[in-house]
S.K.: 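Structure incoming, see below.
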Amino acid sequence: MASEDTSPSHSHHRDSIKSSVGNTAANRRRQQAISIGKERREALIRAKRLCRDSIFDDDDNEKGLDEGEMVIDEEQSVLNARTAQTVQELKSSLSYQGKDATQKTIEALRALRKLLSKSEVPPIEAAIQGGAVPLLVQCLSFGSADEQLLEAAWCVTNIAAGGPEETKSLLPALPLLIAHLGEKSSVHVAEQCAWALGNVAGEDMELRSILFAQGALLSLTRLMLSNRESTARTAAWALSNLIKGPDPKAANELIRIEAITDTIVKHLKTADEELVTEVAWVVVYLSALSDKAISILVRSDVVPVLVNRLVGSESLQLLIPVLRSLGNLVAADAYITHSILIVGNDITDQVLYGLIKCLKSEHRVLKKEALWVLSNIAAGTLEHKTLIFSSEAVPLLIDLLSAAPFEIRKEAAYTLGNICVGPTKGSDNKSDIIVTHLVPLVKGGCLPGFVNLVRSADVESARVGLIFLELVMRGYPNGEGPKLVEREDGIDAMERFQFHENQEMRNVANALVDKYFGADYGV
Amino acid sequence: MDSMDSSVASPDLGLALGFPFWVASRRRFKPDDPFFASGNLERELLAKHVALDLTEDERFQLQRMEIADANLFCPIAGCGARLEYLEEFEDHYNTRHMASCSVCFRVYPTSRLLSIHISEVHDSFFQAKVARGFPMYECLVEGCGAKLKSYKSRQRHLIDKHRFPSNFEFYKKAHPSKHQRQKLQRKAYKGGDAKDQESFMDLDAKKESKQTRPKHYRPKQEVKTGTERESEMEVETKLHHPQTTETKVVTNSEAKNEKAKAETEMEVEERIEDIVSGISKLSTVDASSPSSVSFGHRHSRGFAFVPRSVRNQNQISKREQTRKP
């Protein structure tokens, strides 16, 4: 089945599409109720990229031919029939022994390629059922003309953008694709093959394992060193799909490649934000999966460069992986907060600035993940807590705790709590409460937000809320804590747990209520 | 991922397993953790330039669908209602789990538990039957059907048969502060004063947990005879309102209470003979009929039995009481 459903509510067109077609699609969308089917949603979130346009926008005269091409806007059944026919033509051209065999093959391939790239919903299934795959494999054989390789790889790219069954049907083609990544290949061919492999790797762990076993990692890495930005970009993206796990073996192998850290740093510094984005995603997966990588990366230039980009860029697309890389690094290794982000260092102020910028942005993802990083920094030394406490983050934090969507509120809660709790423990084995932070935060109005969390249906949030209330009731000076909590209807919130299905929550909440609001309360 | 799962032994909080005090520690997530899902989605949308084509609606729906996958259910024991999104919980809770007793303001998550409470705590008839040895204490687990002779044995049953935690108390004490708050609210208007109701008919004959309740809210524990109760109520009244000049009990509610006293005192014996379960609910003046239950409105507690004249005056304070959601 094609990767996108046939609902007219969406068009995948990029900029090469003529405006009239775009308007028609838009009109159709407006006129119909929009509801996203599961299939369409899966197509949207898939880590695959359909190749609609030629990857080289240089002088090539073929581009001229393509440009005049309108979008193929046909009924699916007609499209399927055309596809089947085109595959047949390809088949016959391949068995043709004559002089123009190659040319015929290329033309047939091109026709198939166009069907697979210019249709709103590519007829992937039809192509496979028509027997395209073995033919494409044949077209990818060594010694074939560059143009043939290119067109064939392009067809495979788009077939690999489909669903699991469709992608898996391409198994026979994989070793050839990997082989054509080699340095002897035309750079365009290599890039197109990298794209195809990226789509295959984006499918699932099984295919990633196969590609890894077949040696895709090294070849893609070498390709990432290319001077051509589009090639480096495609290779980086394909690499990120290859190492994304959950099995860490590819990530662990990648970091062992000698020049990799330098390459990463170099690319992270370039002006091309798209390249930076893709390489940052490679860092995301390295830092998420490989402890060895973390250890190497934190001692390299990667962290300062990431911080620079965090501060300097406004592109959401770039900020997400940059922020997450930093997040993964900070979360995994105390080295960063203790040796790099030392309070007083310029870089530390920069990070804070960058994170606050994300807090102020309107993007949910940036807010949430920045809070996560901040909460981890706040779990560092006393100086870190004080630094954050005295920054402009605090009013933002309280505001986010009160008014943001729930998943953001939870992260804000962790941050605020971590600011109030010291790294050391007292003789009672409880972490020290930093009263000088706690009091102003409570006065600043953070309690209602925490009580609200206690009311949440999400057990983890409720727990965070309860544990913070405990801090307040235990640590707020002059025993005023319970009163303050009560004023915010904290007792009500805690009493809800009496009939909560989670035993730990019941016990914790009951214990708090019994201890702080017992018989002698309020007398 | 959880930074706080190392519980510290805490005898002062009385928890066997220790209390999970806040520990400031770093949290790490695997790359396929749901935490990163929205960021991953954003990546794909942006990369495919689909962001340009997606309408606000579609975007919103995508985000919703992600969260919907998380399988949210109401965490109140026995409910299991599916929640489409987290923010829905509060509404759901207020609609379904706020059965509140208009006498003592306790809130229960189901109407069944509320009615059990009302019988056991506010129904003198119930107490009378208990005194005569009938097994009146229902098992709290719906569908079990067991009835026990005492609060304690019912407790035992819950722990043994239904694995309730040993510190579970059906009769959690109401908090003085809550009453105090409501008292202060009611003091704010002149005229009706329903606050005495709570102290009168509250036949809290249950065993207390280790802490004793503050005297001014709860009479003593054992079931008392009519006269004992009467004198105690009087004593309570005095303790309650040492300065009752302007907050005197309104005539008609006083009359009501007098009547109640008379009833329970003199007629309890007769009532017992006419055993019809329905009647038991009607025989007490104050609380037990289900029509008194207020659902979904947290702050309508306490007003169901106030005479209409008084209730009208209450409207203002009721509005004042309403918290912002």
S.K.: Considering only NZ, NE, NH1 and NH2 on the basic side and carboxylate oxygens on the acidic side, decide whether B:Arg28 and A:Asp291 come within less than 4.0 Å.
M.R.: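 Looking at B:Arg28 and A:Asp291, the cut-off is met.
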S.K.: Going by the angle between their ring planes, with limits at 30° and 60°, are A:Phe468 and B:Trp22 parallel, tilted or perpendicular?
M.R.: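 A:Phe468 vs B:Trp22 ring planes: perpendicular.
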S.K.: Does a salt bridge link B:Arg106 with A:Glu495, judged by any charged N lying under 4.0 Å from a carboxylate O?
M.R.: no
S.K.: Could you check if a side-chain atom of A:Ser456 sits within less than 4.5 angstrom of a side-chain atom of B:Phe89, using non-hydrogen atoms only?
M.R.: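 They are not in side-chain contact.
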S.K.: Taking all heavy atoms of B:Leu83 and all of A:Ala457, pick out the closest pair and write down the distance.
M.R.: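 Looks like CD1-CB, 3.9 Å.
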S.K.: Roughly how far, to the nearest 0.5 Å, is the OG atom of B:Ser38 from the CD atom of A:Glu369?
M.R.: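 Atom-to-atom, A:Glu369:CD and B:Ser38:OG are 6.5 Å apart.
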S.K.: Looking at B:Phe21, does the NZ or CZ of A:Lys425 lie under 6.0 angstrom from its six-membered ring centre and within 45 degrees of the ring axis?
M.R.: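 No, cation not above the ring by the 6.0 Å, 45° rule.
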S.K.: What's the shortest heavy-atom distance between A:Arg49 and B:Arg43, and which atoms?
M.R.: NH2-NE, 3.9 Å
S.K.: Do B:Glu90 and A:Arg496 meet the salt-bridge criterion of a basic N to acidic O distance under 4.0 Å?
M.R.: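 Salt bridge present between A:Arg496 and B:Glu90.
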S.K.: Looking only at heavy atoms, which two atoms of A:Val508 and B:Pro20 are closest? And how far apart?
M.R.: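 For A:Val508 versus B:Pro20, the nearest heavy atoms are CG2-CD, 3.9 Å.
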S.K.: Please confirm whether the backbone N or O of B:Arg27 pairs with a side-chain atom of A:Asn376, one donor and one acceptor, at under 3.5 Å?
M.R.: yes
S.K.: Looking only at heavy atoms and a cut-off of under 4.5 Å, which of A:Asp333, A:Ile377, A:Leu323 has the most pairs with chain B?
M.R.: A:Asp333
S.K.: Are side-chain heavy atoms of B:Phe36 and A:Ile320 found at a separation under 4.5 Å?
M.R.: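 The answer is no; the side chains never approach within 4.5 Å.
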S.K.: Check for a donor-acceptor pair, side chain of A:Lys368 on one end and backbone N or O of B:Gly39 on the other, with a separation under 3.5 Å.
M.R.: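 Answer holds: no.
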